[in-house]
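Structure record follows, encoded as structure tokens.
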Amino acid sequence: MPTTAAAALSDLAATARAWPFEEAKKLVARVEKRGGGTVLFETGYGPSGLPHIGTFGEVARTTMVRHAFRVLTEDRIPTRLLCFSDDMDGLRKVPDNVPNREMLAGHLGKPLTEVPDPFGEHASFGAHNNARLRSFLDTFGFEYEFASATEYYRSGRFDQTLLKVLAAYDEVMAIMLPSLRAERQASYSPFLPISPTTGAVLQVPLVERKVEAGTVVYRDPDTGVLVEVPVTGGHCKLQWKPDWAMRWAALGVDYEMAGKDLIDSVKLSARICSALGAPPPDGFNYELFLDENGEKISKSKGNGLTIDDWLAYASPESLSLFMFQKPRSGKKLFFDVIPRNVDDYYTFLAKYHEESPAQRLENPVWHIHTGTPPTLDLPVSFALLLNLASASNADDRAVLWGFLKRQDAALSPENHPELDRLVGYAIRYFHDRVAPTKRFRVPEETERQALAALDAALAALPAGADAEAIQAAVYEVGRAVFPDTAKPGPDGRPGVSLAWFATLYQLLLGQERGPRFGSFAAIYGVPETRALIATALARTDG
RNA sequence: GAGCCCGUAGCUCAGCCGGUAGAGCACGUGACUUUUAAUCAUGGGGUCGUGGGUUCGAGUCCCACCGGGCUCACCA
């Protein structure tokens, strides 16, 4: 029998089926086989771009595996998560979204850490992007260690393994060449010398390799002279796939995941890693994030949803849920999936606290909150808030809160900050996504008269008129313009046709349906409602 | 050419270690509100892509096939 809470949890984790546990179990077997030591998780970045939704996904998922591993092993085996920035990569092209582009154009080909920061804030463009990456990760509270390729190369930390690559050159080439086209095969070299004269990362064929001296010789593309540089100390960088393999071998990386588009690359790098005498890391290939049409989301295409989009309309936790769910299946990432993930998150959260310990380990919120999900109950769903925001034309929190308080007077932003947070998201969602799609009809002549009459009736109401009084005024006007004799009112006078209310919502809110009008006007404000009427009256054809 | 994912209600999807099919939305009906949103209750609707196999029993495991789609094969 387990004697501690940690031991009990570990026992449960041993049979847990959630995917982070499956991954963690692979790692336990790996560590047992090699007899202990720290387990190193890695995620890597090409720092020429800014952090994006895939960056978040990779760190979030890796963190889930790491946490599962720690629980499984009762934290007896140290773990680290290294976020490795390939900032020594050469600047290939000038990004569109930065200032000082002509200045950058003069530094093409140089390592990013040698390119001046176009924003003028950091020591280099690479440093700038690294800072962006770190503050991005810090926003979410990830626990990680940052690593800079430039620093690692220059410090000599990679030297020993770089020399191994030089020694195993033929083997590395034998692995790489079959994967390349004929014309690329002719020029390919795993080593990319950094030009001592221009500072550029050179993609040149090697003329000679001197394993004993630890150097390579190439012909300078500008001058044609032979140049000899050490492969160590940051004088050479490696091509991507050998670089990945060298890093795994040098640092002893145990786990790294990658997208499905990198399957072949991972295989090649793993073979190179083995050739360097180190076991390649475990990990798995997650499915790509797809747009609405099922195509890969790419920054250059600009399709799909960005992380800023998501975080503008929903919480990081809901995004974590998205990342947790079925990482091996294709996932469409577009606007419509946001509300569902928000509501699913709260549903899982509510369920969590009623579940058995074993069930909890299968619950996404356990993984999202590294074992300690908060206790929260949400009186209404996010979907409802979105409906309400749309129906009530909510452009500030007070309007939405007005409707919420009608439902439950005890609710307030003060005693339910989480709900208030969602209210904010709902309003933004409405404002950005729903409001622009609204189609306001131009009023016809009789409708103009009715609106004018309604405006006058509202103006005549005493200040602070309640919902019932406003509703009565609406009826009075409607009775004159849109009578419905077949449907008498409670006092026997003619009723009011549905058309009147439909007209109001079409003209004032740009939609077919809406909330009870008196209640709406009372909460929305009589002057504000009159402003809506004025706007509607101002619309004309053409 | 290689690899991967998917095929379950009208739509989007969930179905955990195999045990008589579920949710949301949509739709129907009803309650409440003198109309409308919301809310609540309730109902209909599926030969689980096809064909085999394992099994007392298969949406679930195995094999084959069909269909839809993506990714890689220049660079990262």
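Letters A, B, ... are given to chains in the order of the sequence lines, protein chains preceding strands, and every chain is numbered from 1.
- Under the Watson-Crick and G-U wobble criteria, each requiring two contacts below 3.5 Å, nucleotide A37(B) is left unpaired.
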For nucleotides 11-13 of chain B, list the nitrogen or oxygen atoms of the protein found under 3.5 Å from its nitrogen or oxygen atoms, one pair per line.
| unit_1 | atom_1 | unit_2 | atom_2 | d |
| --- | --- | --- | --- | --- |
| C13(B) | O2' | Arg340(A) | NH2 | 3.3 |

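- Between Lys241(A) and Asp264(A) there is no salt bridge, since none of the side-chain N atoms of the basic residue sits less than 4.0 Å from a carboxylate O of the acidic one.
- Between the P atom of U34(B) and the CZ atom of Phe517(A) lies a distance of 17 Å, rounded to the nearest Å.
- For the P atoms, the distance from U29(B) to G19(B) is 38 Å, rounded to whole Å.
- Distance Ile470(A) CD1 to U34(B) P: 15 Å, rounded to the nearest Å.
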Considering only nitrogen or oxygen atoms on both sides, find all protein atoms under 3.5 Å from nucleotides 72-74 of chain B and state each distance.
| unit_1 | atom_1 | unit_2 | atom_2 | d |
| --- | --- | --- | --- | --- |
| C72(B) | OP1 | Lys296(A) | NZ | 3.1 |
| C72(B) | O2' | Asp264(A) | OD2 | 3.3 |
| C74(B) | OP1 | Arg181(A) | NE | 3.4 |
| C74(B) | OP1 | Arg181(A) | NH2 | 3.3 |
| C74(B) | OP2 | Arg181(A) | NE | 3.0 |

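- Between the side chains of Tyr255(A) and Glu23(A), a donor-acceptor pair is found at a separation under 3.5 Å.
- Comparing C5(B) with G46(B), their C1' atoms sit 24 Å apart, to the nearest whole Å.
- Listed here is the closest heavy atom pair of His367(A) and Ala18(A): NE2-CB, 3.6 Å.
- Below 30°, between 30° and 60°, or above 60°: for Trp310(A) and Phe322(A) the angle between ring planes is between 30° and 60°, a tilted geometry.
- Atoms OH (Tyr475(A)) and P (U33(B)) sit 12 Å apart, rounded to a whole Å.
- Shown here, C17(B) is classed syn by the O4'-C1'-N9-C4 or O4'-C1'-N1-C2 angle, which is within 90° of 0.
- Comparing Lys267(A) and Ala472(A) against RNA chain B, the residue whose closest nucleotide sits nearer the 5' end is Lys267(A).
- Across Phe348(A) and Gln325(A), no two heavy atoms sit closer than the pair CE1-NE2, 3.6 Å.
- Contact annotation for Gln239(A): backbone-only contact, meaning every heavy-atom pair under 4.0 Å involves sugar-phosphate atoms and none involves a base.
- Among all heavy-atom pairs drawn from Arg247(A) and Glu42(A), the shortest one is CD-OE2, 2.8 Å.
- Nearest heavy atom pair, residue Glu256(A) against residue Trp248(A), reads OE1-NE1, 3.0 Å.
- One P atom belongs to C13(B), the other to G51(B), and the distance between them is 25 Å to the nearest Å.
- As rounded to the nearest Å, A41(B) and U8(B) have C1' atoms that lie 28 Å from one another.
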* To do: Determine, step by step, whether Glu58(A) and Tyr286(A) satisfy the side-chain hydrogen bond (donor to acceptor under 3.5 Å, both in side chains) criterion, reporting the C-alpha distance in whole Å, the side-chain angles of both residues, the deciding distance to 0.1 Å, and the verdict.
  => CA-CA 9 Å; Glu58(A) 212 165 282; Tyr286(A) 51 84; 2.5 Å; yes
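- In this entry the distance linking CG of Leu504(A) with P of A37(B) reads 15 Å, nearest Å.
- Distances shown here put every side-chain N or O of Arg328(A) at or beyond 4.0 Å from the OP1 or OP2 atom of C5(B).
- On the P atoms, A21(B) is 37 Å away from C32(B), given to the nearest whole Å.
- In this structure, Phe84(A) atom CZ and A76(B) atom C1' are separated by 14 Å, rounded to whole Å.
- For the residue pair Thr113(A) and Asp87(A), no side-chain donor N or O sits within less than 3.5 Å of a side-chain acceptor on the partner.
- The nearest whole Å value for the distance from the CG atom in Leu268(A) to the C1' atom in G3(B) is 13 Å.
- Leu411(A) has its side chain within reach of Trp401(A): a pair of non-hydrogen atoms, C-beta onward, lies under 4.5 Å apart.
- Both Thr15(A) and Leu288(A) lie close to RNA chain B; mapped to their nearest nucleotides by heavy-atom distance, the more 5′-ward contact belongs to Thr15(A).
- For C25(B), the paired nucleotide is G10(B), the pair qualifying as Watson-Crick or G-U wobble because both relevant distances are below 3.5 Å.
- The two atoms that bring Ala250(A) and Thr161(A) nearest to each other are CB-OG1, 3.2 Å, heavy atoms only.
- In this structure, of C16(B), C75(B), C4(B), it is C16(B) that holds the atom nearest to the side chain of Arg17(A).
- Across the protein-nucleic acid pair, Leu508(A) atom CG and U36(B) atom P stand 18 Å apart, rounded to whole Å.
- Separation of the C1' atoms belonging to C66(B) and A31(B) is 49 Å when rounded to the nearest angstrom.
- Note: CD (Glu287(A)) to P (C4(B)) measures 11 Å, nearest angstrom.
- Only the P atoms considered, A76(B) is 49 Å distant from G59(B), to the nearest whole Å.
- Comparing the C1' positions of G7(B) and U60(B) gives a spacing of 15 Å, expressed to the nearest Å.
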